[in-house]
Every structure is written in C-alpha cells, then in structure tokens.
Amino acid sequence: MTDDLLSNCRPILGRVTDLLAVQTSAGSADAVAGVRITPVDAVGLEQRAASLCTRSIKTSSKAAALDLAIRVMDLTTLEGADTPERVQALCTRARHPDAADWSVPSVAAMCVYPELVPVAAKELADSPVAVASVAGGFPAGLAPLDTRLAEIAWAVAAGADEVDIVLNRSAFLSGRYQKAYDEIAAAKQACGSAHLKVILETGELGSYDQIRQASMLAMVAGADFIKTSTGKIGTSATPAVALCMAEAIRDMAEQTGRAVGLKLAGGIRTAKQAWHYLVIVGETLGSGWLTPERFRLGASSLLNDVLMQRAKLLDGRYQRREDFSVD
Amino acid sequence: MSDRLVVNKTYKQFIGGAFERSESGRSYPVSGAGGELLANAVQGSRKDVRDAVAAARSAQAGWAGRTAYNRGQILYRVAEVMESRREEFSAEVARAGDGCSHEAAAQQTTAAIDRWVWYAGWADKFPTVLGGANPVAGPYFNLSVPEPVGVVGIVAPDEPPLLPLVSRLAPVIVSGNTAVVLASERCPLVAITLAETLALSDVPSGVVNILTGHRNELVSPLAGHVAVDSLDLTGCDAESAADAARQAAATITRVVSASAAERQWADESAQSPYLIDAFCETKTVWHTKGR
C-alpha cells in the first residue's frame, strides 16, 4: 500500500481504516480482520466527559484516589534548564514524594530528556520507579528519521525503561498515514524491550475524529501507551480528549484483545483534575486500567497538590502551598 | 397593564473579585428591625473559606508589591465611590439589624467614608512612624521596616453594620495584607454593598474577600487554615474567640481583637497607626556603612 493509494479522495475516515485493515491482517498471525473506527459524537463525548467530572469523591475513596494518582504519576521535568542535580533531587522525590511520610507510595516513573537518562537511571537503580525518556525529536518529532531512531536507541541503551515519542503530525495531518505508521513501527523496533508511548499532541489534531484515528493508528503500529500531549503547546489534556482516547483503547481491546495503556499529560495541576481522570478511565476501561501498567498521569506540579490534599485529609486543616516543595 | 415587579438585588459573596453564590448552594434569610425579610444572604461553607483564602493568598504579593502611594490612592478611591453611593449605604444601615434613624445611619456612613480617607493617608507614612533607623554600636545601618503579615482573617462585629467593618478592614489592607472577611451574621447585606464599592475602586481582585453565613460554621476553618497569617476576632464572642485562638495557635497564627477603646467605633480612638502595626511584622536589616 502506498501513500498515493491512501491519498485518494475517499472520506478521511475510510482511509485510516483501510490502512489499519491491511496492517492488522498483515502483521498478525491471527489475521485480524482490521480494526473499525467509528465516527465520534462530539457533543455526546463532551457531555459524558463533563458528567463524569461532576463525580464527588470523599473520605476513604478520596484517600485511595490520591494514593493511586501518585502511583500512576510520571514525575516529569522537561526544561532546557534541567541539570543533573535537579534530576537527582526529583528522583529522590519520585521514590519518596513526602520526605516526612514514607507511607506515601512512589510514583510510577521519572520522565526526563535523553541526556539526563543516565543520571535518573543511576539514582533509581534499586527502586520500583521506572525511567522514562522523551525521544524521537521531542516535542516536534520532525528531526530526520535516522536521527530520531538513533536517539530512541541511545536513550534505551542509557537505561530508559520507557520511551515517549511524538506522532509525526506533519505526516498525519497531510494524510500520509503510511509514513506516520511506519515511523511508529520503526520506533517500536528501536525501543527493543522498552515500553513505547506515543504522544498524539491532541491539541494540534483539530477534531475528536482525528484523535480517535490517530489513537488507532498509533496502537496498531505498536504503541504500548498512547499519550495526549507534550505539554509544550497551549492546549493539552482535557476530559473529553481523555475520554475519546480511552474509548479508542476500549475499541482496540474489544476488537483485537490487545490492552494498550493511556497516558494523560499537560495542564494536569490539581488533585481534583487527577481524580476526574481516574473516574473517566475507570468508567470507560474498567478498574483493570487503574494501574501503573496501563494508566499514567504525566505532570510536574500535580504531585505537590496531591500531597497538599493528602495532608488536608489527614490533618483536617486547609494547607498552605508554600509548605510544599517548589518542584 | 400589570404592575411592575421590583427587581431585587441578590447579595452574593465577594471572592477573588467575583460575586458568587456559595459552593454549597445554600442561603439564609436576613431580617430587619421589624422582623421583615430584607433579603436572602448566601450561607457560605468551609469550601468558600478555602476558595477565599486561596484568592487572598494569590493576590497578596501583588498588592504588597504596589507602591505605598498607590495603595493610598486606592483606599482614597474607595472613599470616593462610597461617597457617591452615600444614600444607598445610609438606607441599608438604617434598616439593618435593630435599625436606627436615617440621621444616625448617615452619620455612620460619613464616619466610614472618613475612616477610609484617614487610613489612605497613612499608606506611605506608617513605615516611617513604626519603623526607622536604629542606633547601633558599630559601623552599620540598622533599619526596621514594618511588612504586612500576609493573609488576614477578619471576623467582623455584628453591629453597627458598617463602621466597625471598615474600621477593622482598612488598617489591615493599607499595609499590603489581603483579607478574608466573615461579614456579620445578622447584618451581612451592608458588607456586600461595601464589596460592590471595593470592586469599583481599583482594589485588585482577591485583596478583599467577603463571606456571609453562619459564624459557627465559618470561623473554625478560617482560624485553622494554615495559609491564614493573622486573625482579627473582634466579632467573636468570648467562647468562639477562645476556640478560634486554639485553632490559630496550632499554625502560629497571630490573633488580634479590638480593645474597649477601639470599640468606640465613632470615636477617634477606633483608628490608630498601631492598628496597622498589629497586622505587620517588623523586619530589621543590618547594612555595612560605607567609608
């Protein structure tokens, strides 16, 4: 199948479906008939996402939700000014988010730029916290393919357990789905045994239909996780986008039996947002997805708010932000 | 043709520069001297306290960072806007609580306006009076500067409804503090009308937040809030003041209450630069003297 064939004038929905039909039947011994991509009811999606966000969570459920939010968190620092010392300090937080209370669970992973992977890998060597690295020309993903693949392989060799790459939106948005697909498949190969997370950058995709198609494309191409955003553009994770991607994952699981994870990132700053997302994922995918193996929250400032709410729950007093660490 | 229906004002809480109903959705009836219903006021909840403190907290650095001169201008502007709505204030004061004659209400309104002007004038003078250069042994400059404590919780007295509120609020914010005010439970409406003038007076959002509702529900979360730096319990009775002080002690929150002289609201004894000082922390700086 060539790009030329794909870019004929059939509706866009059909074209991604056609590609995935060929890919799934070619790539699988079971000759899966191909995944179906149903159109998204945008109003219904937003309405359902909004209604799931009104769920009230109190007392022991709230305590459990806060701990779960920590356990599925990818503590992230992706600044040009990141230093090895800063990463070391954050790794210490990743293991024990509250220095004064070791009953607080560790986060799922520490997410850094490739150059800082060796630092994080050393710090987290004997801990349950995984090392995640962005790679593949993050955040645009428009470096030459060879360079991107080499970066992924380098990060894995340096100790990354998980690699976050970006979907080639340039290819996807211009209808070159085969190219976008092949690049993800190549990245998956470059990852080896490391987990591959594919960032769709949903804020740049334009519609829920496009988000669902990009989700399906990334999953069939081999993504272990699909992820909303880089956090580098204005629009990032929203409840409706999270629901849209969770539904795509549900469709994938129903049609192929393969369980793909969901990572939400960008703009998640409060504990309340975090448990809204837990509700969305729990209601859409079931509690089987509420584990670090299948669900992640990528965030930098969220951890402090979760710790603050946790302290409020234990102490009964409303807390002061300044009493929690700056990072 | 039918009679026109009166358009009544909804008295909402003032949080972060916006007029909002309670997060809890509750309200309670407020009656006047004759027992007649004046309006339904918002019955705030502890979450409203939390939101108001958060708003006050985020507004504090910006407010304290304004020049003293600018803060003085803004307090003066509050007086200007109150003056233009003098009749409305007097009418509300006259019918609130036990009520009073229109003449007495007008006097109270005038005194409240003048009190803003009085504290506006102190904005760029109190640091000189309360701080200054200290004589020390050695080649050093030693300077003491009063700085705002941060977020101040104010439990406003019940009656009279306007003047005590202004008398306790103005000295708190003039130095750069932000305030979360629990309005009088019995006469909350005038406080909300005051909030409307504050909203029109260049007072930045979040600098003054005014909550209405039941004292026994709101004082405790305010006093216990870790982000509240000082408390004015003038409006509390002895028992609830003791409770609040215990809550405040756990987070090292300074507790202030009006003295008997300060409670002579109409007198000059109710206004003092030392009242500004009560909500300030003195910072002392040593600096080497040049040669």
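Below, chain A is the first sequence line, B the second, and so on; all start at residue 1. A quick note: this is a predicted structure, and the numbers were derived from the prediction, not measured.
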Could you tell me if the side chain of A:Arg320 sits less than 4.5 Å from the side chain of B:Asp229, heavy atoms only?
yes
Does B:Tyr274 OH have over 12 foreign heavy atoms under 6.0 Å away?
no
Tell me if a side-chain donor or acceptor on A:Arg317 pairs with a main-chain N or O of B:Gly224 at a distance below 3.5 Å.
yes
Engaged part of B:Arg57 at the chain A interface, taking heavy atoms whose separation is under 4.5 Å:
side chain
To the nearest 0.5 Å, how far apart are OG1 in B:Thr251 and OH in A:Tyr318?
14.5 Å
Tell me whether A:Gln88 at atom CD has more than 12 heavy atoms from other residues, nucleotides or ligands lying less than 6.0 Å away.
yes
Heavy atoms of other groups near A:Glu85 CD, more than 12 under 6.0 Å:
yes
Closest non-hydrogen contact found for A:Gln319 with B:Ala227 is O-CB, 4.3 Å
Select one option (side chain, backbone, both, neither) describing which atoms of B:Ala54 are under 4.5 Å from chain A's heavy atoms.
neither
Quick check on A:Leu314: does its CG atom have over 12 non-hydrogen neighbours (other residues, nucleotides or ligands) under 6.0 Å away?
yes
For B:Arg215, is the CZ atom crowded, meaning more than 12 foreign heavy atoms sit under 6.0 Å from it?
yes
